[in-house]
Amino acid sequence: MELGDKAVGLLLTLTSLSIFTYYTFWVIILPFVDSDHFVHKYFLPHEYAILIPVIAGVVLLSFLSIFVGLVMLKSKKKKKTT
């Protein structure tokens with residue numbers, strides 16, 4: 001099982017590193033490149049550079065809140081039956 005865990009860890013690390021590199025290039029370096037350069041066709045408009053992380057944060061906080069709420073409800077049910 002250790003090999004599987006290492007593979008998943010490596011996959012998550014490479015995915016995170018590639019997303020970080022793409023986002024950093026998109027937000028920090030791309031504004032200094034001419035707008036008619038061919039590299040601009042590989043990136044979304046700059047408005048999405050803020051919109052995507054905000055939506056991801058809202059979704060993450062929503063799921064975390066739902067999870068904590070469900071755990072609290074189950075904990076309360078256990079106390080009532082005990």
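Predicted model, so just to flag it, every value in this text is computed and none were measured. The analysis underlying the following values was restricted to heavy atoms, covering all of them including side chains, and did not include hydrogens, waters or symmetry mates.
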K.L.:
Linking I/L/V/M/F/W/Y whenever any side-chain heavy atoms sit under 4.5 Å apart, do Ile28 and Ile50 land together?
P.N.:
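No.
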K.L.:
Verify, without hydrogens or angle tests, whether Ser18 (side chain) and Leu14 (backbone) share a donor-acceptor contact under 3.5 angstrom.
P.N.:
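Here the side-chain-to-backbone pair exists.
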K.L.:
Write down the atom of Phe20, the atom of Thr24, and the distance for their closest heavy-atom approach.
P.N.:
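The pair with the smallest heavy-atom distance is O-OG1, 2.7 Å.
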K.L.:
Answer yes or no: is there a donor N or O on one side and an acceptor on the other, between the side chain of His37 and the main chain of Leu30, under 3.5 Å?
P.N.:
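Flag not set: sc His37 to bb Leu30 has no pair under 3.5 Å.
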K.L.:
Indicate if Leu10 and Leu17 have the same hydrophobic cluster label, given that clusters are the connected sets of ILVMFWY residues with side-chain heavy-atom separations under 4.5 angstrom.
P.N.:
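Leu10 does not cluster with Leu17.
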K.L.:
Among the clusters formed by ILVMFWY side chains lying less than 4.5 Å apart, do Leu61 and Phe63 turn up in the same one?
P.N.:
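Different hydrophobic clusters.
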K.L.:
Count I, L, V, M, F, W, Y as connected when their side-chain heavy atoms are under 4.5 Å apart, and connections chain through other members. Are Ile55 and Ile19 then in the same cluster?
P.N.:
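No; Ile19 is not reachable from Ile55 via cluster members.
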K.L.:
Below 4.5 Å, heavy atoms only, C-beta onward: do Leu51 and Tyr48 meet side chain to side chain?
P.N.:
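They are in contact (side-chain heavy atoms under 4.5 Å apart), so the answer is yes.
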K.L.:
Hydrophobic cluster membership, with links at side-chain heavy-atom distances under 4.5 Å among I/L/V/M/F/W/Y: are Val54 and Leu60 in one?
P.N.:
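As far as the 4.5 Å side-chain criterion goes, Leu60 and Val54 are not connected within one cluster.
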K.L.:
Using the six-membered ring wherever Trp is involved, compare the ring planes of Tyr23 and Trp26 and label them parallel, tilted or perpendicular (cut-offs 30° and 60°).
P.N.:
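Tyr23 vs Trp26 ring planes: perpendicular.
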K.L.:
Please check if the distance between the ring centroids of Tyr22 and Phe43 is under 6.0 Å.
P.N.:
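Ring-ring flag for Tyr22/Phe43: true, centres closer than 6.0 Å.
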K.L.:
Quick one: closest heavy-atom pair of Pro31 and His46, and the distance?
P.N.:
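Where Pro31 meets His46 most closely, the heavy atoms are CG-CE1, 4.0 Å.
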K.L.:
Just by modelled atom types, is the Thr13 backbone N or O under 3.5 Å from a matching donor or acceptor in the Ser16 side chain?
P.N.:
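A pair under 3.5 Å: no.
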